[in-house]
Trainee: 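Before I ask anything, here is the structure I am working with.
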Amino acid sequence: MVPEATFTSYYGRAIVKPSPWEADIPAYLFAGGLAAGSSLIAAGADLTGRPTLRRSGRLGAIAALSFSMVALVHDLGKPSRFLNMLRVAKLTSPMSVGTWILSIYGPFAGAAAGAEVVRMLPARYRVGPLRLAAYVDRPAGVLAALFAPPVAAYTAVLLADTATPSWHAAYKELPFVFVGSAAAASAGLGLVTSPLEETGPVRRMALGGAVAELLMEHRMEQSMGITAEPLHQGKAGRLMRAAKALTLAGAAGSLLAGRSRTVAVLSGTALLAGSACTRFGVFEAGQASARDPKYTVVPQRERLERDAPVRFEG
Amino acid sequence: MAGKHSLFGPVDPAADAGYDEDHPPRKGFFTDTSICIGCKACEVACKEWNDVPSDHFSMLGSSYDNSFSLNANQWRHVAFIEQPKRMGEQESGLRRQAAERAVSLGMPAMGAPPDVLKAEALRGDPPQGEVMLPESGQDDAVDRPDFRWLMSSDVCKHCTHAACLDVCPTGSLFRSEFGTVVVQDDICNGCGYCVPACPYGVIERRKGPEGAKNVGIAQKCTLCYDRLDAGATPACAQACPTQSIQFGDVEELRERANARVETLHEAGIMDARLYGNDPDDGVGGAGAFFLLMDEPEVYGFPPDPVVTTKDLPDMFRKAGLAALGLLAGVAVSFVGKRG
Ligand code: SF4
Ligand code: SF4
Ligand code: SF4
């Protein structure tokens with residue numbers, strides 16, 4: 001039993017402010033990861049001749065991306081000023097960097113999805129400029145895949161680059177947790193949508209992503225000290241437990257998913273749900289850590305007691 | 001003009017932001033809480049001058065603090081802390097009051113005797129109008145009560161390394177020529193990123209009240225940018241009747257603060273300490289710093305705040321590695337055996 005940390009506060013009031021973000025933002029984190037992973041899968045499927053997987057990857061990516069853009073804009077205090085994000089490119093702002101990453105990735109993902117839709121049209125409609133789609137098809141898909149990984153990874157920096165105790169303290173491992181989660185979710189979507197003979201790669205990816213996510217999440221908690229507590233308490237705790245159970249189940253299922261469509265669909269769904277729970281869980285844990293002065297005061301006070309405050313040296 | 005200390009370390013923030021050499025000296029506040037009387041003139045003056053809506057008020061049961069905290073509608077906030085502790089050599093004045101009563105010419109006294117007086121001083125049943133106090137030295141609590149009231153007017157720190165400014169994706173938050181940190185209301189899109197970024201919990205997205213200006217936009221102290229431009233003193237400092245809030249050049253204020261702590265220490269008030277004055281600290285030194293009488297967290301300050309962007313290069317490195325890992329992982333999944 002770790003003894004309850006004692007600390008002083010001003011009438012128990014929060015010191016740092018929790019972000020004003022609501023469910024939009026964790027939904028955005030999830031959908032962004034899903035889009036990125038799906039673009040990667042689509043390109044892989046395209047290059048290895050797996051048409052259904054390619055199609056579900058491209059369409060899944062654009063759907064998830066559109067959803068995430070709506071969530072992002074909806075969360076702004078002044079949605080009409082969304083484009084102000086593009087006024088500047090600021091390396092010190094992960095949100096600025098992320099917006100630019102998305103605005104490079106987005107058009108390629110869109111073009112690949114567009115080309116996919118053209119492919120789905122009956123031949124007699126593929127006339128005029130639509131015939132150009134065939135030339136755009138693979139290059140757009142490959143470029144989307146190349147710009148996709150940063151989309152999945154930057155969202156971890158978005159959270160970590162704050163004074164929110166349970167986000168900042170997680171910064172070393174959170175990007176790995178998030179890309180693992182993105183891989184698992186997008187592989188899950190592939191498992192749900194594609195026939196067994198095409199799902200070999202996504203089964204491996206599902207397993208790899210899920211294992212990476214679980215291991216890195218464990219390591220993250222080890223290194224966070226007291227700020228790991230909120231990951232186990234209340235709403236965040238329930239979400240994180242659900243995430244673990246679902247991701248484990250999905251990973252186990254992926255081992256058998258080559259034999260049965262039913263298992264594939266179930267395991268894919270579990271992975272998707274597990275990834276969503278991870279994002280919501282990490283989000284809620286951060287919010288809770290900001291609302292309780294304990295997580296701001298205790299680690300800082302502990303540094304001072306150790307005579308090791310954060311000071312600039314030379 | 002990003003330099004090598006742009007994210008962390010001592011730096012002149014205005015020069016670092018690209019202002020040329022003849023920019024005005026950095027402006028800030030030294031808030032000496034040892035002489036704050038908790039009158040809240042600063043809170044009121046700030047609201048008046050900056051047209052900050054008044055809401056959030058309720059009786060909070062936290063001494064005289066009913067404005068809760070710094071937030072979008074509270075750019076100055078006076079904290080009140082009651083402690084069962086002596087403040088230096090502070091005297092109660094009860095003995096003087098009793099002496100004055102003893103030679104009273106029948107003038108009405110000022111209100112009822114305070115509770116302390118009743119409980120601790122009025123032993124037995126003294127004749128009306130006369131106050132019996134224990135001999136000096138017998139009961140120290142009469143002369144030097146075990147009670148102190150800490151008051152402190154908090155404000156945006158105008159950090160040398162301001163996380164709010166660093167993370168703002170629209171450039172709405174900017175560094176002024178005075179080295180201060182200001183929101184441009186007409187550019188902010190309300191993304192809210194600055195809110196969790198601030199290590200002191202200062203800036204906030206305005207939620208209301210309905211019909212107020214700038215709802216949905218991040219709001220905080222501007223260090224009265226408009227007044228500085230006109231060569232005037234910020235409204236809060238101007239209104240402060242005790243000079244607890246001292247406005248001026250940061251360099252000079254730092255010296256003044258050092259001298260003040262020394263004076264207090266010489267007077268035996270060893271609790272006095274500075275907070276936020278050190279250019280080597282986690283935010284590169286605050287433009288608005290404080291003289292406190294207790295640990296920072298007692299007042300609701302973080303004890304060792306650090307600008308989150310100090311770690312940003314490392315965060316991006318980790319994210320880059322993770323991104324490469326994802327790319328490699330997917331590639332391996334696809335080149336593996338068919339099936
Ligand atoms: S105290 Fe907070 S709001 Fe003020 S400049 Fe520093 S980071 Fe920004
Ligand atoms: S809310 Fe406004 S000021 Fe704050 S980071 Fe976003 S755009 Fe910048
Ligand atoms: S400097 Fe101006 S804006 Fe800032 S707290 Fe004082 S009065 Fe308010």
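Numbers restart at 1 for each chain; the letters A, B, ... are given by sequence-line order, proteins then strands. Small disclaimer: the values here were computed from a predicted structure and weren't measured.
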Trainee: For B:C198, is it the side chain, the backbone, both, or neither that has a heavy atom closer than 4.5 Å to a heavy atom of chain A?
Mentor: backbone

Trainee: Would you mind checking which part of B:D278 comes under 4.5 Å of any heavy atom in chain A, side chain (CB onward), backbone (N, CA, C, O), both or neither?
Mentor: side chain

Trainee: So which of B:G320, B:A163, B:G284, B:G216 has the biggest tally of heavy-atom pairs under 4.5 Å with chain A?
Mentor: B:G216

Trainee: Around atom CD of B:E210, are there more than 12 heavy atoms from other residues, nucleotides or ligands closer than 6.0 Å?
Mentor: no

Trainee: Which atoms of A:A290 are under 4.5 Å from chain B, going by heavy atoms: the side chain, the backbone, both sets, or neither?
Mentor: neither

Trainee: What residue in B:C164, B:P302, B:P199, B:G171 has the most heavy-atom pairs under 4.5 Å with chain A?
Mentor: B:P302

Trainee: Under a 4.5 Å heavy-atom cut-off, does chain A meet the side chain of B:L70, its backbone, both or neither?
Mentor: backbone

Trainee: A side-chain contact here means heavy atoms from C-beta on lying under 4.5 Å apart; do B:Y200 and B:V283 qualify?
Mentor: yes

Trainee: Taking side-chain hydrogen bond (donor to acceptor under 3.5 Å, both in side chains) as the test, write out the residues that go with B:T160, two or more places apart.
Mentor: B:R26

Trainee: Among the options B:S69, B:G201, B:P279, pick out the one with the most heavy-atom pairs lying under 4.5 Å from chain A.
Mentor: B:G201

Trainee: Can you name the residues that form a side-chain contact (heavy atoms from CB on, under 4.5 Å) with B:K318, not counting sequence neighbours?
Mentor: A:K172, A:P175, A:F176, B:D314

Trainee: For B:Y299, which atoms come within 4.5 Å of any heavy atom of chain A: side chain, backbone, both, or neither?
Mentor: backbone

Trainee: Heavy atoms only, distances under 4.5 angstrom: which of B:G9, B:S62, B:G329 has the most pairs with chain A? Name it, please.
Mentor: B:S62

Trainee: Report which part of B:V307 has an atom under 4.5 Å of a heavy atom belonging to chain A: side chain, backbone, both, or neither.
Mentor: neither

Trainee: Does a sphere of radius 6.0 Å around CD in B:E82 hold more than 12 heavy atoms from other residues, nucleotides or ligands, not counting ones at 6.0 Å or beyond?
Mentor: yes

